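Here is the structure we will look at.
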Amino acid sequence: MQCNFLSFLLAIFAVASAAGCGNQRAEVVPVAEHDAQTRALGLLKMMTLDEKIQLVHGVGNGASPLEGAAFIPGIKRLGIPDINIADSSTSVRVANANATIMPSTLALAASWDPELAHEYGAAIGRELRTLGFVEGLGGGINLSREPRGGRTFEYMGEDPVLAGHMVAQRTLGTQEQKVIATLKHYALNNQETNRFVSNSIVDERTMRQLYLLGFEIAVKEGRPGNVMCAYNLVNGVKACESAYLLQTVLKDEWGFDGFVQSDWSYAVRNTVRAANAGLDEEQPGSLNDSVGAGGEPTHFNQRLKAAVESGTVSMSRLDDMVLRKLRTMFRVGIMDAPPKPGGRIDKDAGHAVAKKVAAGSIVLLKNNNQETAARAILPLDAALLKKIVVIGGHADVGVMAGGGSGGPMAAVNNPVKCLLPEKMYTECAPFSASSPFAEIRAKAKSAQVQYFDGKDSVVAANAAANADVVIIFATQFSGEARDLASLGLSDPSSDPANQAFDQRALIEAVAKKNANTVIVLEHGTAVTMPWLPSVAAVLASWYPGDQGGAAIADILFGDINPSAKLPMTFPRSEADLPQKYISATDLNVSYSERLMVGYRWYDAQKIDPLFAFGYGLSYTTFSYADLHLSRTSTGNVKVNFTLTNTGARAGSEVMQVYAALPANAGEPPQRLLAWKKVQLAPGQKKNIEIDVAPERLKVWNTAEKQWTLPKGAYEFRLGNSSRDANVLRAAQAF
Ligand code: BGC
């Protein structure tokens, strides 16, 4: 049986037949769902053709009355409210709205904390609604196959299971605020170079197991109202015109009952192809289909109307587009309580969540000095410090944020002056006005605390020579539309808009004069660190948001114990990456490493990463013991063990379960199955149970077009990273 929209409707009214629609979500449909469907159908029946067309496209770039990314005017006579849409990956991206700048979503992934992801989604949802928005365009989840990808900061790292569950929670948080959440960019939009025209060439198994799996998990668990399809082509077909991606996989197999929206302007080339493939909304659209942004024609206004009139797109397809939108608006609660523009952002509430996320997402990467074998320098003890030197990163005024639609408005309230005239919105980094220097000073009241901007490395190094501790803030700016040339720290040649000096040379000069040098990174992706052996400690703070300065200081001084873990591998150099370089001219991007993405690549190639996926230190220590596995009646594997906080401080641990599949499965050496984060008091011991669903162990069988569980012996591995030297192992046969 083909699981099409008709079967979906039948399923909604009755009990879903599982046959052939293995992933149909609901067995018994809750009343609210039934209501949403009935009421949406009722409205649809009353709509004219023009009204239907009005609901499936935006009215053009820059035409949003609330200065959001898009606008679809409502239909008053039917009680359908205006649909105001804003970018909201890390902040509601509207000028002068005073929205909270949250830590980047990559930072959120580093927290490995689903509850925090829920709070993050809720905080952004609240602010969207306060400002009058019906829909937020956050929820980026493209895997960081290529860490130089400019948008890595607004995605969720390199593992689909981590990314999928985290974004699902973010989605639920937003939609509980009665705001439609978005998953994007569906699919295989893993780098920015040539993003409108590049063609991701990938085999089906790799696509299913890696690049689609995060979307699948998030669609089923989080039920987003909106999925934004990507600009790029997938195996030769524009993602927004791919019946395979939109209809077969997303809607039929996964049971997605929301609507599919195009990415902006360049995602649709052909009206009929897109509509019939399953695209439900075009953005930013236009009032006459003549031109959208960048001189591109748009497709879902007059062109779509003509196609429906001529029968090349059926009326039932158009009805389906509209029904999906209306049903989502009823389900999420917008029809009964449309948001009103003009509310005031509750900054305290936003900042409370931003602080929690920053504190939970800063990764302690190093905490000793390999050259001097000195003991851990962090946390700092304010009472023992007489002189602290803080250098670089504009730490006197703020912390960096990401660029483009996934970041906050760059030009507004930016405490850091752009070094170049701003030509494109991606060129100058936005900053949050949250000064780490001020926060450090507040913690170390009896110490002399000096700030140097770092432009003159000799002056900075001389000042640092006799300090008790030196803290260097180092930045790596990234953003939409531009991939990074390298993963090293920016310098004036790689980032002329934001950097006036060579940060690597600065670190080397300072560390030579003072072994007690701590590096705090503000970054959008992995960073290479040729200077690592010479410094005493490194914190990865990502783009830490409006409370970044305070959270960094709390971690430096031990008021917060770091608990975050890397959501992506940090390589030693770009030479270790599977894709050696990003071609500026070859539009075919071959995913020839297949399943070997992220840690899977480093494991398979036996490459020693600089820092492994899942890695992160704490100020306390944990030990794992008594691992045993059992099966539940539903086929899950229960992973049981005890965790003990063996150190002197309270702390949270992220316990990670990986599996090596049977050798004949042809899989990478291991994959993440599940994880749990818990907090323990010093000395506390706790029995932990982590449930692994059999789905997590399956492989995509391309011949049979379904997930299958390879038979044989599985090795379950439990540890605190993908490369834990003390990993515990247990066997399980299937
Ligand atoms: C980006 C989307 C974004 C949209 C609206 C596009 O260029 O790819 O992620 O939501 O612009 O700003």
Side-chain angles (χ1 to χ4, degrees), residues 57-64 66-72 83-95 97 99 104-106 124 128 131 133-142 149-156 167 170-171 174 179-198 200 215 224-234 238-240 259-268 279 281-286 292-296 298 401-411 424-427 430 478-483 524:
H57 67 88
V59 294
N61 251 345
S64 157
L66 301 185
E67 297 183 42
F71 179 59
I72 299 178
I83 302 174
N84 276 293
I85 301 172
D87 276 310
S88 58
S89 292
T90 54
S91 177
V92 183
R93 196 169 193 281
V94 176
S104 69
T105 32
L106 185 62
I124 288 195
L128 281 162
L131 297 170
F133 290 98
V134 158
E135 183 181 319
L137 305 175
I141 187 183
N142 298 86
R151 303 186 80 169
T152 305
F153 78 96
E154 53 171 310
Y155 299 144
M156 300 292 262
V167 174
R170 176 197 171 135
T171 302
T174 295
V179 171
I180 297 169
T182 299
L183 268 192
K184 68 187 189 183
H185 307 87
Y186 185 70
L188 290 118
N189 182 184
N190 304 100
Q191 61 190 49
E192 293 299 283
T193 304
N194 295 318
R195 64 181 173 151
F196 303 136
V197 287
S198 71
S200 303
F215 284 97
N226 183 30
V227 169
M228 185 191 291
C229 51
Y231 285 127
N232 52 282
L233 295 87
V234 176
K238 289 289 280 180
C240 290
F259 52 95
V260 178
Q261 171 190 66
S262 74
D263 204 340
W264 260 232
S265 303
Y266 305 89
V268 184
L279 183 70
E281 173 184 312
E282 189 191 27
Q283 288 298 356
S286 72
E296 279 282 299
T298 65
S405 63
M409 278 289 175
M424 270 176 62
Y425 72 127
T426 46
E427 282 198 338
S478 58
E480 184 176 353
R482 188 174 54 130
D483 292 322

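Every number for a ligand or one of its atoms is a count from 1 in the order of the listing. Computed from a predicted model, the values in this text were never measured in an experiment. What's counted below: heavy atoms across the whole structure, side chains too, no hydrogens, waters or symmetry copies.
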Worksheet item: In ligand 1, which numbered atoms sit nearer than 4.0 Å to a non-hydrogen atom of Leu137?
Response: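 Those atoms are 10 (O).
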Discussion item. Quick check on contacts: which atoms of ligand 1 are under 4.0 angstrom from a heavy atom of Lys184?
Written reply: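 Selected atoms, number and element: 2 (C), 3 (C), 9 (O), 10 (O).
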Worksheet item: Is Glu480 touching ligand 1 with its side chain, its backbone, both, or neither, if touching means heavy atoms under 4.0 Å apart?
Response: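 The answer is the side chain of Glu480.
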Item to complete: Just let me know how His185 lines up against ligand 1, side chain, backbone, both or neither, with a heavy-atom cut-off below 4.0 Å.
Response: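 The answer is the side chain of His185.
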Worksheet item: Cut-off 3.5 Å, side chains only: do Gln261 and Asn226 have a donor facing an acceptor?
Response: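 Distance-only check passes for Gln261 and Asn226.
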Discussion item. Under a 3.5 Å threshold, yes or no: a donor from one side chain and an acceptor from the other, between Arg195 and His185?
Written reply: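 No, no side-chain donor-acceptor pair sits under 3.5 Å.
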Discussion item. Tell me the nearest of Tyr266, Trp264, Tyr231 to atom 7 (O) of ligand 1, using heavy-atom distances.
Written reply: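 Ranked by closest heavy atom to atom 7 (O) of ligand 1, first place is Tyr231.
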Item to complete: Using heavy-atom distances, let me know which of Ile85, Asn61, Asp87 sits nearest atom 12 (O) of ligand 1.
Response: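 Among Ile85, Asn61, Asp87, the closest heavy atom to atom 12 (O) of ligand 1 belongs to Asp87.
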Discussion item. Can you tell me if Arg195 contacts ligand 1 (heavy atom of the residue under 4.0 Å from the ligand)?
Written reply: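 Yes; Arg195 lies near enough to ligand 1 that a heavy-atom distance drops under 4.0 Å.
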Item to complete: Determine whether any heavy atom of Arg151 lies closer than 4.0 Å to an atom of ligand 1.
Response: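 Yes; Arg151 lies near enough to ligand 1 that a heavy-atom distance drops under 4.0 Å.
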Item to complete: Specify the closest pair of heavy atoms between Val94 and Leu66, including all atoms of both residues, with the distance to one decimal.
Response: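 Scanning both residues, the minimum pair turns out to be CG1-O, 3.5 Å.
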Worksheet item: Salt bridge or not for Arg151 and Glu480, using N-O below 4.0 Å?
Response: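 Yes.
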Worksheet item: Is any side-chain N of the basic residue among Lys184 and Asp87 closer than 4.0 Å to the acidic one's carboxylate O?
Response: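 Counted as a salt bridge, because a side-chain N and a carboxylate O are separated by less than 4.0 Å.
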Discussion item. Could you check whether any side-chain heavy atom of Met228 comes within less than 4.5 Å of a side-chain heavy atom of Trp264, counting everything from C-beta outward?
Written reply: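 Yes; the side chains approach each other to less than 4.5 Å.
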